[in-house]
Amino acid sequence: MRLNGNFSRLKNSYLFTEVGRRTAAYSSAHPERRIIRLSVGDVTLPLVPAVIHAMRQAVDELSRAETFRGYAPEHGYDFLLDAVRSDYVRKGISLFRDEIFVSDGAKSDCGNLSALFSADSTVLLPDPVYPAYLDVNLMAGRKVLYSRGTEENGFLPAPERGVHADIIYLCSPNNPTGAAYSKEQLGEWVDYAIGQGAVILFDAAYESFVRDEGVARSIYEVEGARTCAIEICSFSKTAGFTGVRCGYTVIPRELEREGVSLNRMWARRQSATYNGTSYVSQRGAEAALSEEGRRQISLSAERYRANAAAIMRCLGGLGVPYTGGRNSPYIWMKCPHGLDSWTFFGELLEQANVVGTPGVGFGEGGEGYFRLSSFGTEADTLEACERLSAYYNGKVR
Ligand code: PLP
(Lines give C-alpha, C1' and ligand atoms only; values in the text may rest on other atoms or scores of the structure.)
Protein backbone atom coordinates (compact mmCIF):
# COMPACT_ATOMS: atom_id res chain seq x y z
CA MET A 1 0.00 0.00 0.00
CA ARG A 2 1.22 3.48 -0.83
CA LEU A 3 -0.58 6.70 0.08
CA ASN A 4 -1.31 9.41 -2.46
CA GLY A 5 1.85 11.48 -2.15
CA ASN A 6 0.22 14.32 -4.03
CA PHE A 7 -1.44 15.39 -0.78
CA SER A 8 1.93 16.84 0.21
CA ARG A 9 1.43 19.42 -2.56
CA LEU A 10 -1.50 20.95 -0.61
CA LYS A 11 -1.05 23.89 1.68
CA ASN A 12 -1.55 22.81 5.30
CA SER A 13 -4.44 25.02 6.22
CA TYR A 14 -7.52 25.89 4.25
CA LEU A 15 -7.86 29.67 3.88
CA PHE A 16 -11.05 30.08 5.92
CA THR A 17 -9.70 27.86 8.70
CA GLU A 18 -6.72 30.20 9.05
CA VAL A 19 -8.94 33.30 8.98
CA GLY A 20 -11.10 31.70 11.70
CA ARG A 21 -8.07 30.74 13.78
CA ARG A 22 -6.58 34.24 13.75
CA THR A 23 -9.96 35.85 14.42
CA ALA A 24 -10.63 33.52 17.37
CA ALA A 25 -7.18 34.24 18.83
CA TYR A 26 -7.80 38.00 18.67
CA SER A 27 -11.30 37.62 20.04
CA SER A 28 -10.22 35.60 23.05
CA ALA A 29 -7.49 38.16 23.82
CA HIS A 30 -10.04 41.03 23.49
CA PRO A 31 -13.43 39.63 24.55
CA GLU A 32 -14.85 43.16 24.95
CA ARG A 33 -14.49 43.97 21.24
CA ARG A 34 -17.32 43.14 18.83
CA ILE A 35 -15.85 41.72 15.64
CA ILE A 36 -17.72 42.11 12.35
CA ARG A 37 -17.13 39.35 9.84
CA LEU A 38 -17.26 40.30 6.17
CA SER A 39 -15.11 37.32 5.36
CA VAL A 40 -16.91 34.03 4.84
CA GLY A 41 -18.92 33.54 1.66
CA ASP A 42 -21.86 32.09 3.58
CA VAL A 43 -25.32 33.60 3.35
CA THR A 44 -27.14 35.01 6.39
CA LEU A 45 -30.77 35.44 5.29
CA PRO A 46 -33.14 32.51 5.96
CA LEU A 47 -34.75 30.36 3.28
CA VAL A 48 -37.73 32.06 1.64
CA PRO A 49 -41.29 30.95 2.61
CA ALA A 50 -41.95 29.20 -0.74
CA VAL A 51 -38.91 26.96 -0.18
CA ILE A 52 -39.78 26.28 3.45
CA HIS A 53 -43.35 25.38 2.50
CA ALA A 54 -42.18 22.94 -0.21
CA MET A 55 -39.64 21.32 2.09
CA ARG A 56 -42.23 20.92 4.89
CA GLN A 57 -44.59 19.30 2.44
CA ALA A 58 -41.81 16.99 1.30
CA VAL A 59 -41.11 15.95 4.89
CA ASP A 60 -44.84 15.26 5.37
CA GLU A 61 -44.81 13.04 2.28
CA LEU A 62 -41.88 11.11 3.73
CA SER A 63 -43.89 10.56 6.92
CA ARG A 64 -46.64 8.54 5.18
CA ALA A 65 -46.22 5.06 3.72
CA GLU A 66 -48.19 5.92 0.55
CA THR A 67 -46.00 8.91 -0.32
CA PHE A 68 -42.70 7.83 1.23
CA ARG A 69 -39.66 7.87 -1.07
CA GLY A 70 -36.33 6.13 -0.63
CA TYR A 71 -33.28 6.54 -2.83
CA ALA A 72 -33.60 9.46 -5.22
CA PRO A 73 -32.79 8.91 -8.91
CA GLU A 74 -29.02 9.48 -9.07
CA HIS A 75 -29.32 12.14 -11.79
CA GLY A 76 -32.17 14.00 -10.05
CA TYR A 77 -35.97 13.90 -9.93
CA ASP A 78 -37.69 14.87 -13.20
CA PHE A 79 -39.58 17.69 -11.43
CA LEU A 80 -36.28 19.43 -10.62
CA LEU A 81 -34.63 18.63 -13.95
CA ASP A 82 -37.62 20.23 -15.67
CA ALA A 83 -37.51 23.27 -13.36
CA VAL A 84 -33.80 23.75 -14.17
CA ARG A 85 -34.56 23.38 -17.89
CA SER A 86 -37.22 26.08 -17.64
CA ASP A 87 -34.76 28.32 -15.80
CA TYR A 88 -32.34 27.97 -18.73
CA VAL A 89 -35.16 28.77 -21.16
CA ARG A 90 -35.53 32.10 -19.32
CA LYS A 91 -31.85 32.71 -20.22
CA GLY A 92 -32.57 31.80 -23.84
CA ILE A 93 -30.87 28.38 -23.60
CA SER A 94 -32.46 25.08 -24.41
CA LEU A 95 -31.21 21.90 -22.76
CA PHE A 96 -32.22 18.26 -22.88
CA ARG A 97 -33.28 16.77 -19.58
CA ASP A 98 -30.50 14.17 -19.73
CA GLU A 99 -27.89 16.94 -19.95
CA ILE A 100 -28.62 18.04 -16.37
CA PHE A 101 -27.29 16.21 -13.31
CA VAL A 102 -28.58 17.26 -9.89
CA SER A 103 -25.84 17.34 -7.25
CA ASP A 104 -25.44 18.11 -3.56
CA GLY A 105 -23.73 21.39 -4.46
CA ALA A 106 -21.15 22.91 -6.76
CA LYS A 107 -18.11 22.16 -4.61
CA SER A 108 -18.51 18.38 -4.86
CA ASP A 109 -18.83 18.51 -8.63
CA CYS A 110 -15.93 20.98 -9.03
CA GLY A 111 -13.89 18.19 -7.46
CA ASN A 112 -15.59 15.05 -8.75
CA LEU A 113 -15.62 16.11 -12.42
CA SER A 114 -11.87 15.74 -12.30
CA ALA A 115 -12.51 11.95 -12.53
CA LEU A 116 -13.34 12.40 -16.25
CA PHE A 117 -9.79 13.40 -17.13
CA SER A 118 -6.47 11.59 -17.13
CA ALA A 119 -3.89 12.38 -14.44
CA ASP A 120 -1.46 13.71 -17.05
CA SER A 121 -3.89 16.40 -18.28
CA THR A 122 -2.69 19.96 -17.89
CA VAL A 123 -5.01 22.27 -15.97
CA LEU A 124 -5.32 26.01 -16.47
CA LEU A 125 -6.68 27.99 -13.53
CA PRO A 126 -7.45 31.66 -13.16
CA ASP A 127 -5.39 33.26 -10.40
CA PRO A 128 -6.87 34.46 -8.07
CA VAL A 129 -9.80 32.04 -7.85
CA TYR A 130 -11.86 29.79 -5.54
CA PRO A 131 -9.21 27.48 -4.01
CA ALA A 132 -11.08 24.18 -4.42
CA TYR A 133 -10.13 23.85 -8.13
CA LEU A 134 -6.44 23.94 -7.32
CA ASP A 135 -6.60 21.53 -4.40
CA VAL A 136 -8.44 18.79 -6.28
CA ASN A 137 -6.03 18.92 -9.21
CA LEU A 138 -2.98 18.93 -6.95
CA MET A 139 -4.39 15.85 -5.20
CA ALA A 140 -4.85 14.20 -8.61
CA GLY A 141 -1.20 14.90 -9.44
CA ARG A 142 -1.93 17.18 -12.39
CA LYS A 143 0.27 19.90 -13.78
CA VAL A 144 -1.32 23.28 -13.07
CA LEU A 145 -0.81 26.48 -15.06
CA TYR A 146 -2.22 29.87 -14.16
CA SER A 147 -3.92 32.63 -16.03
CA ARG A 148 -3.28 35.79 -14.03
CA GLY A 149 -6.06 38.24 -13.20
CA THR A 150 -4.64 41.72 -12.74
CA GLU A 151 -5.83 45.28 -12.34
CA GLU A 152 -4.85 45.83 -16.00
CA ASN A 153 -7.14 43.08 -17.33
CA GLY A 154 -9.88 43.91 -14.82
CA PHE A 155 -9.24 40.52 -13.15
CA LEU A 156 -10.67 38.86 -16.26
CA PRO A 157 -7.72 37.05 -17.83
CA ALA A 158 -7.99 36.17 -21.53
CA PRO A 159 -6.50 33.04 -23.12
CA GLU A 160 -2.84 33.33 -24.05
CA ARG A 161 -1.55 32.12 -27.38
CA GLY A 162 1.09 29.43 -27.11
CA VAL A 163 -0.15 28.11 -23.75
CA HIS A 164 -1.57 24.60 -23.98
CA ALA A 165 -4.13 23.31 -21.51
CA ASP A 166 -6.49 20.32 -21.47
CA ILE A 167 -8.83 21.41 -18.68
CA ILE A 168 -9.72 25.07 -18.13
CA TYR A 169 -11.56 26.27 -15.04
CA LEU A 170 -13.45 29.54 -15.33
CA CYS A 171 -15.49 31.16 -12.58
CA SER A 172 -17.79 34.03 -13.52
CA PRO A 173 -18.89 36.07 -11.67
CA ASN A 174 -15.58 35.32 -10.04
CA ASN A 175 -14.93 34.39 -6.46
CA PRO A 176 -13.04 36.31 -5.09
CA THR A 177 -12.69 39.27 -7.47
CA GLY A 178 -16.39 39.76 -8.29
CA ALA A 179 -15.36 40.40 -11.92
CA ALA A 180 -17.68 38.86 -14.54
CA TYR A 181 -16.99 37.99 -18.17
CA SER A 182 -19.00 39.47 -21.01
CA LYS A 183 -20.31 37.09 -23.67
CA GLU A 184 -17.59 38.32 -26.04
CA GLN A 185 -14.83 37.65 -23.53
CA LEU A 186 -16.19 34.17 -22.82
CA GLY A 187 -16.34 33.67 -26.58
CA GLU A 188 -12.53 34.03 -26.67
CA TRP A 189 -12.22 31.22 -24.13
CA VAL A 190 -14.63 29.01 -26.06
CA ASP A 191 -12.65 29.53 -29.29
CA TYR A 192 -9.43 28.82 -27.44
CA ALA A 193 -10.80 25.62 -25.86
CA ILE A 194 -12.12 24.38 -29.20
CA GLY A 195 -8.74 25.15 -30.82
CA GLN A 196 -6.91 23.19 -28.10
CA GLY A 197 -9.38 20.31 -27.84
CA ALA A 198 -9.67 21.38 -24.18
CA VAL A 199 -12.71 21.21 -21.90
CA ILE A 200 -13.90 24.24 -19.91
CA LEU A 201 -15.35 23.70 -16.44
CA PHE A 202 -17.46 26.82 -16.01
CA ASP A 203 -18.46 27.55 -12.42
CA ALA A 204 -21.62 29.67 -12.51
CA ALA A 205 -22.33 29.51 -8.74
CA TYR A 206 -22.89 33.30 -8.68
CA GLU A 207 -24.84 33.65 -11.95
CA SER A 208 -27.95 34.95 -10.21
CA PHE A 209 -26.04 38.09 -9.14
CA VAL A 210 -25.52 39.19 -12.75
CA ARG A 211 -27.58 42.23 -13.64
CA ASP A 212 -25.56 44.07 -16.32
CA GLU A 213 -26.57 43.60 -19.95
CA GLY A 214 -23.93 41.73 -21.91
CA VAL A 215 -22.54 39.85 -18.89
CA ALA A 216 -22.97 36.10 -19.36
CA ARG A 217 -25.04 34.09 -16.87
CA SER A 218 -24.26 30.83 -18.58
CA ILE A 219 -21.42 29.77 -20.86
CA TYR A 220 -24.04 28.31 -23.20
CA GLU A 221 -24.96 31.85 -24.20
CA VAL A 222 -21.78 31.61 -26.27
CA GLU A 223 -21.93 29.84 -29.60
CA GLY A 224 -19.86 26.67 -29.70
CA ALA A 225 -19.84 26.20 -25.91
CA ARG A 226 -21.94 23.05 -26.14
CA THR A 227 -18.99 21.30 -27.77
CA CYS A 228 -16.39 22.28 -25.18
CA ALA A 229 -17.92 23.29 -21.84
CA ILE A 230 -19.40 21.80 -18.69
CA GLU A 231 -21.36 24.18 -16.45
CA ILE A 232 -21.52 23.80 -12.67
CA CYS A 233 -24.17 25.64 -10.71
CA SER A 234 -25.61 25.82 -7.21
CA PHE A 235 -28.62 26.89 -5.20
CA SER A 236 -26.29 27.90 -2.34
CA LYS A 237 -25.83 31.59 -3.03
CA THR A 238 -28.95 32.08 -5.13
CA ALA A 239 -31.45 30.57 -2.73
CA GLY A 240 -29.55 30.33 0.56
CA PHE A 241 -28.97 26.55 0.24
CA THR A 242 -25.46 26.52 1.74
CA GLY A 243 -26.77 24.27 4.52
CA VAL A 244 -29.56 22.54 2.56
CA ARG A 245 -27.22 21.35 -0.24
CA CYS A 246 -28.37 21.23 -3.84
CA GLY A 247 -26.76 22.15 -7.15
CA TYR A 248 -26.51 20.82 -10.69
CA THR A 249 -24.07 20.24 -13.50
CA VAL A 250 -24.79 20.50 -17.20
CA ILE A 251 -22.92 18.33 -19.72
CA PRO A 252 -24.19 18.79 -23.28
CA ARG A 253 -24.68 15.78 -25.53
CA GLU A 254 -22.29 17.29 -28.12
CA LEU A 255 -19.36 17.32 -25.69
CA GLU A 256 -17.13 14.48 -26.88
CA ARG A 257 -13.41 13.83 -26.71
CA GLU A 258 -11.55 10.86 -28.20
CA GLY A 259 -14.90 9.76 -29.65
CA VAL A 260 -16.44 9.41 -26.17
CA SER A 261 -19.40 11.35 -24.75
CA LEU A 262 -18.51 13.12 -21.50
CA ASN A 263 -22.23 13.19 -20.69
CA ARG A 264 -22.36 9.37 -20.80
CA MET A 265 -19.11 9.09 -18.82
CA TRP A 266 -20.53 11.34 -16.10
CA ALA A 267 -23.85 9.48 -16.07
CA ARG A 268 -21.89 6.26 -15.55
CA ARG A 269 -19.72 7.83 -12.86
CA GLN A 270 -22.75 9.14 -10.98
CA SER A 271 -24.58 5.84 -11.10
CA ALA A 272 -21.44 4.14 -9.77
CA THR A 273 -20.74 6.54 -6.90
CA TYR A 274 -23.68 8.87 -6.16
CA ASN A 275 -27.00 7.97 -4.58
CA GLY A 276 -28.81 11.20 -5.27
CA THR A 277 -29.60 14.49 -3.56
CA SER A 278 -32.24 14.30 -0.84
CA TYR A 279 -35.89 14.53 -1.89
CA VAL A 280 -36.49 17.37 0.57
CA SER A 281 -33.61 19.43 -0.87
CA GLN A 282 -34.80 18.83 -4.43
CA ARG A 283 -38.36 19.89 -3.60
CA GLY A 284 -36.90 23.03 -1.98
CA ALA A 285 -34.80 23.72 -5.09
CA GLU A 286 -37.84 23.24 -7.33
CA ALA A 287 -39.71 25.80 -5.23
CA ALA A 288 -36.76 28.21 -5.44
CA LEU A 289 -37.18 28.17 -9.23
CA SER A 290 -40.97 28.61 -9.13
CA GLU A 291 -42.45 32.00 -9.93
CA GLU A 292 -43.27 32.73 -6.29
CA GLY A 293 -39.91 31.39 -5.11
CA ARG A 294 -38.03 33.59 -7.57
CA ARG A 295 -40.06 36.63 -6.50
CA GLN A 296 -39.29 36.04 -2.83
CA ILE A 297 -35.61 35.29 -3.51
CA SER A 298 -35.25 38.50 -5.50
CA LEU A 299 -36.17 40.40 -2.30
CA SER A 300 -33.32 38.67 -0.40
CA ALA A 301 -30.97 39.33 -3.30
CA GLU A 302 -31.93 43.02 -3.10
CA ARG A 303 -30.75 43.12 0.49
CA TYR A 304 -27.36 41.65 -0.39
CA ARG A 305 -27.13 44.06 -3.31
CA ALA A 306 -27.81 46.98 -0.96
CA ASN A 307 -24.95 45.77 1.26
CA ALA A 308 -22.65 45.53 -1.76
CA ALA A 309 -23.69 49.04 -2.81
CA ALA A 310 -22.91 50.38 0.69
CA ILE A 311 -19.42 48.82 0.62
CA MET A 312 -18.81 50.16 -2.91
CA ARG A 313 -19.92 53.66 -1.85
CA CYS A 314 -17.64 53.51 1.16
CA LEU A 315 -14.58 52.38 -0.83
CA GLY A 316 -15.38 54.79 -3.66
CA GLY A 317 -15.60 57.68 -1.17
CA LEU A 318 -12.24 56.69 0.32
CA GLY A 319 -10.63 56.44 -3.14
CA VAL A 320 -9.82 52.74 -2.65
CA PRO A 321 -9.51 50.82 -5.96
CA TYR A 322 -11.85 47.80 -6.15
CA THR A 323 -13.65 45.47 -8.54
CA GLY A 324 -16.87 43.49 -8.13
CA GLY A 325 -20.04 44.31 -6.22
CA ARG A 326 -22.18 45.01 -9.29
CA ASN A 327 -22.62 41.50 -10.64
CA SER A 328 -21.36 39.71 -7.58
CA PRO A 329 -21.74 39.55 -3.80
CA TYR A 330 -17.97 40.10 -3.44
CA ILE A 331 -15.96 43.29 -3.48
CA TRP A 332 -12.25 42.94 -4.18
CA MET A 333 -10.27 45.85 -2.84
CA LYS A 334 -6.64 46.83 -3.06
CA CYS A 335 -4.80 46.89 0.28
CA PRO A 336 -3.62 50.37 1.28
CA HIS A 337 0.00 51.58 1.36
CA GLY A 338 1.25 48.53 -0.55
CA LEU A 339 0.47 46.25 2.43
CA ASP A 340 0.36 42.53 1.77
CA SER A 341 -2.96 40.74 2.25
CA TRP A 342 -2.27 39.15 5.64
CA THR A 343 -0.71 42.32 7.11
CA PHE A 344 -3.81 44.29 6.09
CA PHE A 345 -5.98 41.50 7.52
CA GLY A 346 -4.18 41.89 10.86
CA GLU A 347 -4.41 45.69 10.85
CA LEU A 348 -8.10 45.70 10.05
CA LEU A 349 -8.81 43.03 12.65
CA GLU A 350 -6.88 44.83 15.37
CA GLN A 351 -7.69 48.43 14.55
CA ALA A 352 -11.22 48.24 13.13
CA ASN A 353 -12.31 44.82 14.42
CA VAL A 354 -13.46 43.97 10.89
CA VAL A 355 -12.59 40.62 9.32
CA GLY A 356 -12.22 40.19 5.58
CA THR A 357 -10.47 37.53 3.50
CA PRO A 358 -6.82 37.99 2.49
CA GLY A 359 -6.59 37.94 -1.30
CA VAL A 360 -3.41 35.87 -1.36
CA GLY A 361 -5.45 32.94 -0.02
CA PHE A 362 -7.01 32.71 -3.50
CA GLY A 363 -3.66 32.45 -5.28
CA GLU A 364 -0.45 34.43 -5.63
CA GLY A 365 -2.23 36.84 -7.95
CA GLY A 366 -4.36 37.89 -4.98
CA GLU A 367 -1.42 39.21 -2.97
CA GLY A 368 -1.98 42.83 -1.98
CA TYR A 369 -5.78 42.48 -2.29
CA PHE A 370 -8.62 41.76 0.11
CA ARG A 371 -12.13 40.33 -0.31
CA LEU A 372 -15.20 41.76 1.39
CA SER A 373 -18.51 39.94 1.27
CA SER A 374 -21.99 41.46 1.05
CA PHE A 375 -23.60 38.40 2.68
CA GLY A 376 -23.52 39.97 6.17
CA THR A 377 -26.48 41.66 7.83
CA GLU A 378 -27.32 45.23 6.85
CA ALA A 379 -26.47 46.58 10.32
CA ASP A 380 -23.08 44.83 10.38
CA THR A 381 -22.25 45.94 6.84
CA LEU A 382 -23.03 49.58 7.58
CA GLU A 383 -21.05 49.50 10.80
CA ALA A 384 -18.14 47.79 9.05
CA CYS A 385 -18.18 50.61 6.47
CA GLU A 386 -18.00 53.21 9.24
CA ARG A 387 -15.12 51.38 10.84
CA LEU A 388 -13.32 51.08 7.48
CA SER A 389 -13.71 54.83 6.97
CA ALA A 390 -12.35 55.50 10.46
CA TYR A 391 -9.39 53.21 9.73
CA TYR A 392 -8.61 55.01 6.47
CA ASN A 393 -9.00 58.41 8.10
CA GLY A 394 -6.61 57.41 10.87
CA LYS A 395 -9.33 57.65 13.49
CA VAL A 396 -9.37 54.12 14.78
CA ARG A 397 -9.38 53.41 18.49
N1 PLP B 1 -18.05 27.60 -6.50
C2 PLP B 1 -17.68 28.80 -6.04
C3 PLP B 1 -17.02 29.73 -6.98
C4 PLP B 1 -17.88 29.15 -4.71
O5 PLP B 1 -17.48 30.35 -4.27
C6 PLP B 1 -18.51 28.24 -3.84
C7 PLP B 1 -18.74 28.54 -2.42
O8 PLP B 1 -18.31 29.51 -1.87
C9 PLP B 1 -18.88 27.01 -4.36
C10 PLP B 1 -18.64 26.72 -5.68
C11 PLP B 1 -19.50 25.98 -3.48
O12 PLP B 1 -20.86 25.94 -3.66
P13 PLP B 1 -21.76 24.84 -2.99
O14 PLP B 1 -22.25 25.40 -1.69
O15 PLP B 1 -22.87 24.63 -3.98
O16 PLP B 1 -20.96 23.61 -2.80
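These numbers come from the heavy atoms of this one structure, side chains and all, not from hydrogens, waters or symmetry mates. Read the numbers this way: they start at 1 and go in the same order the structure lists the ligands and their atoms. By convention here, the first residue in the shown sequence is residue 1.
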* Structure fact -> Correct closest heavy-atom pair for Y181 and L186 would be CB-CG, 3.7 Å
* Structure fact -> among protein heavy atoms, the one nearest atom 11 (C) of ligand 1 is Y130 OH, 3.4 Å
* To do: Quick one: look up the protein heavy atom nearest atom 16 (O) of ligand 1 and list residue, atom name and how far away it is.
  => R245 NH2, 2.7 Å
* Asked: Which ligand 1 atoms does S236 reach within 4.0 Å, using its non-hydrogen atoms?
  -> 13 (P), 14 (O), 15 (O)
* Check ligand 1 against C171 and write out every atom of the ligand that is under 4.0 Å from a heavy-atom position of the residue. => 3 (C)
* To do: Return yes when F235 approaches ligand 1 closer than 4.0 angstrom through a heavy atom, no otherwise.
  => no
* Of all the non-hydrogen atoms in the protein, which one sits nearest to atom 8 (O) of ligand 1, and at what distance? -> K237 NZ, 2.7 Å
* **Atoms of ligand 1, numbered as shown, that sit under 4.0 Å from any heavy atom of G105** => 15 (O), 16 (O)
* Asked: Who's the nearest protein heavy-atom neighbour of atom 2 (C) of ligand 1, and how far?
  -> D203 OD2, 3.4 Å
* To do: Look at D380 together with R34 and state whether they make a salt bridge at an N to O cut-off of under 4.0 Å.
  => yes
* What about W332 and Y322, are their ring centers closer than 6.0 Å? -> no
* Structure fact -> ligand 1 to Y133, heavy atom cutoff 4.0 Å, flagged ligand atoms 3 (C)
* Asked: Stepwise, does the side chain to side chain donor-acceptor pair (under 3.5 Å) test hold for Y26 with N353?
  -> CA-CA 9 Å; Y26 179 83; N353 302 156; 3.1 Å; yes
* Structure fact -> Shortest non-hydrogen pair, V215 vs A180, comes out as CG1-CB, 3.6 Å
* Asked: Can E99 and R226 be counted as an ion pair, charged N to O under 4.0 angstrom?
  -> yes
* Closest non-hydrogen protein atom to atom 12 (O) of ligand 1, residue and atom name please, with distance? -> A106 CB, 3.8 Å
* Salt-bridge criterion met for E291 and R295 (N-O under 4.0 Å) -> no
* To do: Just jot down the ligand 1 atoms closer than 4.0 angstrom to any heavy atom of S234, in number order.
  => 13 (P), 15 (O)
* When K91 is tested against each of E221, E207, E231 for salt bridge (charged side-chain N to carboxylate O under 4.0 Å, His left out), which residue passes? -> E207
